[in-house]
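Naming convention: chains lettered A, B, ... in sequence-line order (proteins, then strands); numbering from 1 in each chain.
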2 protein chains.
Amino acid sequence: MAWFRSLIRVTGIKSRNRAPNTFSLASLASLSTCTEATNKYSGLGPTVPSEKPRVVVVGSGWAACRLMKGLDTNLYDVVCVSPRNHMVFTPLLASTCVGTLEFRSVAEPISRIQPAISREPGSYFFLANCTGIDGDNHSVHCETVTDGPDTLDPWKFKIAYDKLVIALGAQPLTFGIQGVKEHAIFLREVYHAQEIRRKLLLNLMLSDVPGISEEEKSRLLHCVVVGGGPTGVEFSGELSDFITKDVRQTHAHVKDYIHVTLIEANEILSSFDDRLRHYATKQLTKSGVRLVRGIVKDVKAQKLVLNDGTEVPYGLLVWSTGVGPSPLVNSMELPKSPGGRIGVDEWLHVPSMQDVFAIGDCSGFLESTGKPTLPALAQVAERQGKYLSHLLNRIGKAGGGHANGANDMELGDPFVYKHLGSMAAIGSRRS
Amino acid sequence: MAWFRSLIRVTGIKSRNRAPNTFSLASLASLSTCTEATNKYSGLGPTVPSEKPRVVVVGSGWAACRLMKGLDTNLYDVVCVSPRNHMVFTPLLASTCVGTLEFRSVAEPISRIQPAISREPGSYFFLANCTGIDGDNHSVHCETVTDGPDTLDPWKFKIAYDKLVIALGAQPLTFGIQGVKEHAIFLREVYHAQEIRRKLLLNLMLSDVPGISEEEKSRLLHCVVVGGGPTGVEFSGELSDFITKDVRQTHAHVKDYIHVTLIEANEILSSFDDRLRHYATKQLTKSGVRLVRGIVKDVKAQKLVLNDGTEVPYGLLVWSTGVGPSPLVNSMELPKSPGGRIGVDEWLHVPSMQDVFAIGDCSGFLESTGKPTLPALAQVAERQGKYLSHLLNRIGKAGGGHANGANDMELGDPFVYKHLGSMAAIGSRRS
């Protein structure tokens with residue numbers, strides 16, 4: 001239940017001075033009807049014309065949150081479904097692992113991004129996983145995330161949508177390598193960063209305890225990063241800063257044992273141009289990071305094995321080799337974009353499903369659009385979320401908010417992405 | 001491994017501009033000799049006259065940290081043994097559960113309290129549990145705390161001491177009631193507060209998900225506190241503030257379902273005088289806390305049972321019914337004080353053991369001293385730690401720092417405790 005650690009409090013939000021108990025009877029009604037209708041499988045029933053139309057957003061990442069922020073809650077009720085109650089500012093996550101930044105500084109509660117959620121009568125946040133989408137009935141199938149049967153059995157429920165936005169992101173790629181999930185730590189969520197910090201500290205402390213062998217000490221303090229993309233490079237840079245600036249002071253006894261190794265199959269920062277790549281390589285090497293060209297074959301509890309048979313003992317293993325489609329996306333029988341993402345048209349709409357849109361890492365342009373699949377970057381997700389919020393607001397204003405209300409509507413300008421460049425910080429005052 | 005979550009980083013400490021690699025050869029020597037001597041059971045061997053004497057401190061609470069802060073590291077090397085690398089400002093812990101205070105604000109790394117630790121050649125922090133004390137050989141037996149065999153097997157080691165200070169605190173009392181350890185949360189460590197916050201948020205979110213019954217919703221949002229001492233009362237107050245100020249805003253849909261019940265066998269704040277007790281009772285009731293006079297008989301996953309058979313369903317259960325001796329203290333064959341604490345004389349010295357002192361919640365005056373056992377308060381621990389640091393510094397200055405060096409020494413003024421009064425905050429702007 002590691003992810004639970006990443007639940008953060010959602011207090012401290014300004015009151016909107018609303019009268020208490022202003023629940024929408026309509027939405028309560030629709031809720032109860034639905035409960036009666038489908039016993040043991042309740043949910044939010046379809047909205048009635050007298051109600052605001054409901055936008056259901058699956059996910060709480062960059063794309064989802066930017067969308068929710070932009071939605072006009074006078075036009076729509078907003079329902080967010082996600083196993084995470086906050087958005088993570090992923091580009092700065094690496095900096096939290098060694099305390100350069102506090103965890104709270106890179107996480108923002110959804111209810112602060114869209115204050116209507118959990119406050120306005122028809123707007124909700126549901127802590128749940130989306131298990132399926134029923135386009136024919138305009139509804140989403142979900143299952144709650146609980147502490148487990150001991151305290152509360154997880155249960156299933158449905159949410160009817162007028163408009164559905166799929167923004168459930170991607171998941172780390174492991175290339176089917178044994179032991180990655182068990183022994184490596186990813187760097188996608190706040191609890192990942194917390195686990196890295198905890199492990200780093202634990203190893204620093206244990207390596208100072210009498211009775212540990214020189215060999216074991218070196219292993220414990222060997223930090224291995226697999227994947228030379230921006231995340232892996234930025235984390236390696238942060239780590240070497242941490243070692244130079246902090247460990248030398250606060251763990252003087254073991255400072256000479258700690259090392260960082262970055263393993264990459266090709267070149268680091270392959271998406272960057274040569275000059276930047278060479279600069280990064282020089283800077284990382286200078287700051288003590290060992291760059292190793294290699295392919296990981298197998299990961300065990302205390303060591304990993306490269307293709308050439310080399311064994312690399314480690315105390316901390318961070319895995320960041322890019323992302324790919326999540327199981328739910330894979331399971332969806334939809335036209336996909338190259339790379340297996342949910343295929344969308346120029347308006348980020350899923351052509352085969354009425355009122356369904358997909359944005360962020362989980363989506364990609366269909367080949368028919370002639371547009372390339374965009375990189376899995378916050379920059380893209382952010383722009384798509386913003387675009388779609390405007391589009392949905394326009395539809396809502398034109399009275400097309402309810403299910404099938406916009407079928408023949410002109411959607412206006414398509415989404416156009418202009419890349420503003422990428423950046424990777426490779427340690428203090430170097431980027 | 002919940003407590004691991006409470007490991008906090010120890011960076012950001014000013015450098016003392018010391019030359020690198022200034023390890024004391026002597027202490028390294030003593031280490032290795034000891035390793036050879038007792039194979040598979042290494043540690044820090046006895047100090048030699050040419051070295052600084054070594055003060056070993058078991059524990060990292062108020063008493064231990066105040067002592068370490070006051071020790072003169074020109075006279076002594078300091079070695080701290082504890083499963084926790086920081087001190088917790090316990091009186092403010094209740095305020096962190098609902099976000100009034102940040103967790104980091106109530107935890108201070110030991111290496112910041114005593115900067116010599118993990119920096120100076122002979123001073124260490126060992127992340128370990130003390131498993132026994134061998135007074136005859138002036139040594140402490142310890143076992144490391146690791147992530148478990150999968151990554152690193154815990155191992156045993158010994159530390160020879162010149163002076164030993166036992167300050168390992170107390171542990172929560174459960175009165176042998178079934179299920180307390182399994183289902184209730186104590187409020188002694190940072191990770192306890194984190195768990196309470198997590199659970200509170202989780203229940204608030206789950207109670208808003210369609211498909212949950214009215215009954216289940218009420219249970220999930222029923223926060224029960226057992227124990228009407230300062231901690232229980234303060235936590236109840238914080239909780240009712242949280243409900244009034246935050247939940248009404250951020251979880252409007254379920255705000256009418258959340259309630260706080262405080263269960264106490266006798267009167268709340270029994271150590272306080274009548275006037276204060278009545279005031280607290282009035283204020284708590286006014287702020288919506290239900291005060292129940294009762295004795296808990298049994299604790300189950302979702303409900304607890306009172307002596308009279310009443311069943312109390314709960315979503316969050318916090319247990320704070322005072323503290324008692326830890327298993328290690330119970331296992332020590334020493335003259336004890338009333339209440340089973342380690343018996344000490346007027347100088348906080350353990351009469352039956354040379355060079356051994358005990359302070360804080362784990363210790364109490366021997367009946368022979370004619371002094372009463374002092375309450376388990378930070379106030380007492382703090383004062384004892386300060387007193388003992390002065391005493392040990394005086395001994396050190398007088399050349400009695402090494403083992404058995406102070407046997408015939410005059411210890412000077414005994415420890416005298418003057419109670420400055422107690423205080424409990426029962427919600428914002430009320431105390």
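Residues B:Arg119 and A:His251 form no side-chain contact, since every pair of their non-hydrogen atoms from C-beta on lies 4.5 Å or further apart.
For the residue pair B:Leu202 and A:Leu127, the shortest heavy atom distance occurs at CD1-CD2, 3.3 Å. The two residues A:Pro210 and B:Trp155 come nearest to each other via the heavy atoms O-NE1, 2.8 Å. Closest of all the heavy-atom pairs between B:Thr250 and A:Ser118 is O-CB, 3.2 Å.
Ranked by heavy-atom pairs under 4.5 Å with chain A, the list B:Ile212, B:Val247, B:Leu204, B:Thr151 is led by B:Thr151. Residue with the most contacts toward chain B among A:Ile117, A:Thr144, A:Leu206: A:Leu206 (heavy-atom pairs, distance under 4.5 Å).
For a residue to count as touching a neighbouring chain, one of its non-hydrogen atoms must lie under 4.5 Å from one of that chain's; by this rule B:Arg219 touches chain A with the side chain only. Of the atoms belonging to B:Ser123, it is backbone heavy atoms, and not side-chain ones, that fall under 4.5 Å from chain A. With a 4.5 angstrom heavy-atom cutoff, B:Leu200 does not touch chain A via any of its atoms. With a 4.5 Å cut-off on non-hydrogen atoms, B:Glu216 touches chain A through its side chain but not through its backbone.
Taking CG of A:Leu152 as the start and CG of B:Asn203 as the end, the distance is 8.0 Å to the nearest 0.5 Å. Rounded to the nearest 0.5 angstrom, A:Ser111 OG and B:Gln249 CD are separated by 11.5 Å.
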TODO: Mind running side chain to side chain contact (heavy atoms under 4.5 Å, CB included) on B:Val145 and A:Met205 for me, showing each step along the way?
DONE: CA-CA 10 Å; B:Val145 183; A:Met205 288 189 282; over 6 Å; no
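In this structure, B:Glu215 places its CD atom where only 12 or fewer heavy-atom neighbours from other residues, nucleotides or ligands lie under 6.0 Å away.
When each of A:Tyr124, A:Phe126, A:Phe125 is paired with B:His253, the ring-ring contact (aromatic ring centres under 6.0 Å, His included) condition holds for A:Tyr124 and for no other.
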